[in-house]
J.: 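Structure provided below as structure tokens; questions to follow.
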Amino acid sequence: MSSLHGLPLPPVSRDFYQRDTVAVANDLLGCWLVRVIDGVQMAARIVETEAYCGAHDSACHAHRGLTPRTAAMFGQPGHAYVYLVYGMHWLLNIVTEPEGSPCAVLIRAIEPVLNEQAMRERRSIPGRQLCNGPGKLTRALGVDKALYGHDMTRAEQLWVCAGSHSTPIVSGPRVGIDYAEPDDRDAPWRFWLEDNPWVSKAR
């Protein structure tokens, strides 16, 4: 079992993800995102998320139905939905809600906790630019299409471990969804830990 400063880092169960997407997006804040590559373990605290709430959410990829790209979203909760944007940035989402209800939570920003140096070796950039955005954190953790559909309820390669925090949670509209319908554009489904310096600059 992987560990953080001697403490075990077990993955959260599938039941954690098999719930309302907005609730999961809130509850992921403060949890640890764990990544293991070639025996090297990294871990970071999740500080910002976005909820994408299925076929009726015009900002959600599943709004247009089942496609080869979105197939993972229609499967079991707790699997990774990884996709490419702008032809250069991989984004990490975790599927939520019961199978057949295509919802997911986007991991938008993380705060390094364990082996930050290994992250900087993958993304050589100073300061918090390392992982204060969804495309930045995937590069720092080596997340790409190879992890599409990966079962994140197993302690292998990539998973989430339960964590806690006492920081107020702030919410607001999601980022980069100008194509969505007005009600969905304005929905306060982006969540972050108040005043955390690793949160993305978008407010």
Side-chain angles (χ1 to χ4, degrees), residues 11-31 33-35 46-110 133-135 137-138 141 143-162 169 171-192 200 202:
V12 297
S13 70
R14 203 170 310 283
D15 287 343
F16 176 89
Y17 301 110
Q18 193 163 288
R19 300 181 294 136
D20 174 77
T21 304
V22 170
V24 176
N26 275 271
D27 291 346
L28 279 168
L29 295 174
C31 289
L33 183 62
V34 185
R35 177 74 165 117
I46 298 171
V47 299
E48 183 180 359
T49 60
E50 286 181 349
Y52 287 87
C53 300
H56 300 294
D57 176 6
S58 61
C60 181
H61 289 172
H63 178 65
R64 298 184 181 276
L66 175 63
T67 67
R69 182 194 197 196
T70 62
M73 294 187 73
F74 288 81
Q76 283 188 315
H79 287 255
Y81 171 49
V82 181
Y83 61 88
L84 191 67
V85 293
Y86 308 125
M88 59 188 298
H89 300 300
W90 295 102
L91 303 191
L92 171 63
N93 301 255
I94 309 175
V95 177
T96 57
E97 304 203 13
E99 186 170 355
S101 177
C103 303
V105 173
L106 170 68
I107 308 301
R108 273 199 61 88
I110 57 175
L137 71 88
T138 54
L141 294 177
V143 173
D144 59 21
K145 64 180 179 181
L147 286 166
Y148 180 95
H150 172 70
D151 187 352
M152 294 183 64
T153 67
R154 303 172 64 180
E156 300 174 0
Q157 298 187 77
L158 180 70
W159 69 92
V160 170
C161 174
I169 294 175
S171 65
R174 294 168 292 181
V175 178
I177 56 166
D178 292 344
Y179 56 85
E181 296 173 4
D183 286 349
D184 295 328
R185 286 202 305 268
D186 296 337
W189 289 344
R190 174 174 166 254
F191 307 95
W192 65 94
S200 69

J.: Does some side-chain heavy atom of Met152 sit less than 4.5 Å from a side-chain heavy atom of Leu158?
T.: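 Result yes, sub-4.5 Å side-chain heavy-atom pair found.
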
J.: Give me the atom names and distance for the closest heavy-atom approach of Cys31 to Cys161.
T.: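 Distance-wise, the nearest heavy atoms are CB-O, 3.3 Å.
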
J.: Is there a side-chain contact between Thr153 and Trp159 (heavy atoms, below 4.5 Å)?
T.: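 Thr153 vs Trp159: side chains apart.
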
J.: Can you find a heavy atom in the side chain of Trp189 that is under 4.5 Å from one in the side chain of Ser171?
T.: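 Trp189 vs Ser171: side chains apart.
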
J.: Which pair of non-hydrogen atoms, one from Cys60 and one from Pro102, has the smallest distance, and what is that distance?
T.: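 It is SG-O, 3.8 Å.
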
J.: Among side-chain atoms of Thr49 and Arg108, is any donor-acceptor pair under 3.5 angstrom?
T.: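 No, no side-chain donor-acceptor contact under 3.5 Å.
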
J.: The test is salt bridge (Lys or Arg N to Asp or Glu O under 4.0 Å); show your working for Glu50 and Arg174 and say whether it passes.
T.: CA-CA 7 Å; Glu50 286 181 349; Arg174 294 168 292 181; 5.7 Å; no

J.: For Gly54 and Cys103, work out which heavy atoms get closest and say how close.
T.: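 Looks like N-SG, 3.5 Å.
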
J.: Write down the atom of Phe191, the atom of Ala51, and the distance for their closest heavy-atom approach.
T.: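 It is CE1-CB, 4.3 Å.
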
J.: Does Tyr148 reach the main-chain N or O of Arg69 with its side chain, forming a donor-acceptor pair under 3.5 Å?
T.: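 At least one qualifying donor-acceptor pair exists.
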
J.: For the residue pair Ser200 and Gly133, what are the closest heavy atoms and their distance?
T.: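 Heavy atoms of Ser200 and Gly133 come nearest at CB-CA, 4.4 Å.
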
J.: Is there a side-chain contact between Leu147 and Arg35 (heavy atoms, below 4.5 Å)?
T.: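 Sidechains of Arg35 and Leu147: in contact.
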
J.: Mind checking the CD-CG spacing from Glu48 to Leu137? Nearest 0.5 Å is all I need.
T.: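 Result: 9.5 Å between the selected atoms.
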
J.: How about Arg14: does its CZ atom have over 12 heavy atoms from other parts shown lying under 6.0 Å from it?
T.: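 Result for CZ/Arg14: enclosed.
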
J.: Do Thr138 and Asp144 pass the side chain to side chain contact (heavy atoms under 4.5 Å, CB included) test, and can you show the C-alpha distance, the side-chain angles, and the key distance before you say yes or no?
T.: CA-CA 7 Å; Thr138 54; Asp144 59 21; over 6 Å; no

J.: Just so I know, are the side chains of Asp184 and Ile177 near enough to count as touching, which here means a heavy-atom distance under 4.5 Å?
T.: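 Of all side-chain heavy-atom pairs linking Ile177 with Asp184, none is under 4.5 Å.
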
J.: Counting only pairs under 3.5 Å, give me each side-chain donor-acceptor contact of residues 72-93, with atom names and distances, residues two or more places apart or in other chains.
T.:
from  : atom 1 : to     : atom 2 : distance (Å)
His79 : ND1    : Gly149 : O      : 2.8
Tyr81 : OH     : His61  : ND1    : 2.6
Asn93 : ND2    : Tyr81  : O      : 3.2

J.: Taking all heavy atoms of Ile46 and all of Ile110, pick out the closest pair and write down the distance.
T.: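 The pair with the smallest heavy-atom distance is CA-CG2, 4.2 Å.
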
J.: Do Val95 and Tyr17 touch side chain to side chain, with heavy atoms closer than 4.5 Å?
T.: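 SC-SC contact between Val95 and Tyr17 ruled out.
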
J.: Should Val143 and Gln157 count as side-chain neighbours, where that means a heavy-atom distance under 4.5 Å?
T.: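 No, their side chains stay 4.5 Å or more apart.
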
J.: So with a 6.0 Å cut-off around CZ of Arg64, is the heavy-atom count from everything else above 12?
T.: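 For Arg64, atom CZ is not crowded (no more than 12 foreign heavy atoms under 6.0 Å).
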
J.: Closer than 3.5 angstrom, by distance alone: can the side chain of Tyr179 be matched with the main-chain N or O of Ala59 as a donor-acceptor pair?
T.: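 Yes, Tyr179 side chain to Ala59 backbone: donor-acceptor pair under 3.5 Å.
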
J.: Would you mind writing out the side-chain donor-acceptor pairs for residues 19-29 within the sub-3.5 Å range, not counting sequence neighbours?
T.:
from  : atom 1 : to    : atom 2 : distance (Å)
Arg19 : NE     : Phe16 : O      : 2.7
Arg19 : NH1    : Asp27 : OD2    : 2.9
Arg19 : NH2    : Phe16 : O      : 3.2
Arg19 : NH2    : Asp27 : OD2    : 3.1
Asp20 : OD2    : Val22 : N      : 3.2
Asp20 : OD2    : Ala23 : N      : 3.0
Thr21 : OG1    : Thr96 : OG1    : 2.8
Thr21 : OG1    : Glu97 : OE2    : 2.8
Asn26 : ND2    : Val22 : O      : 2.9

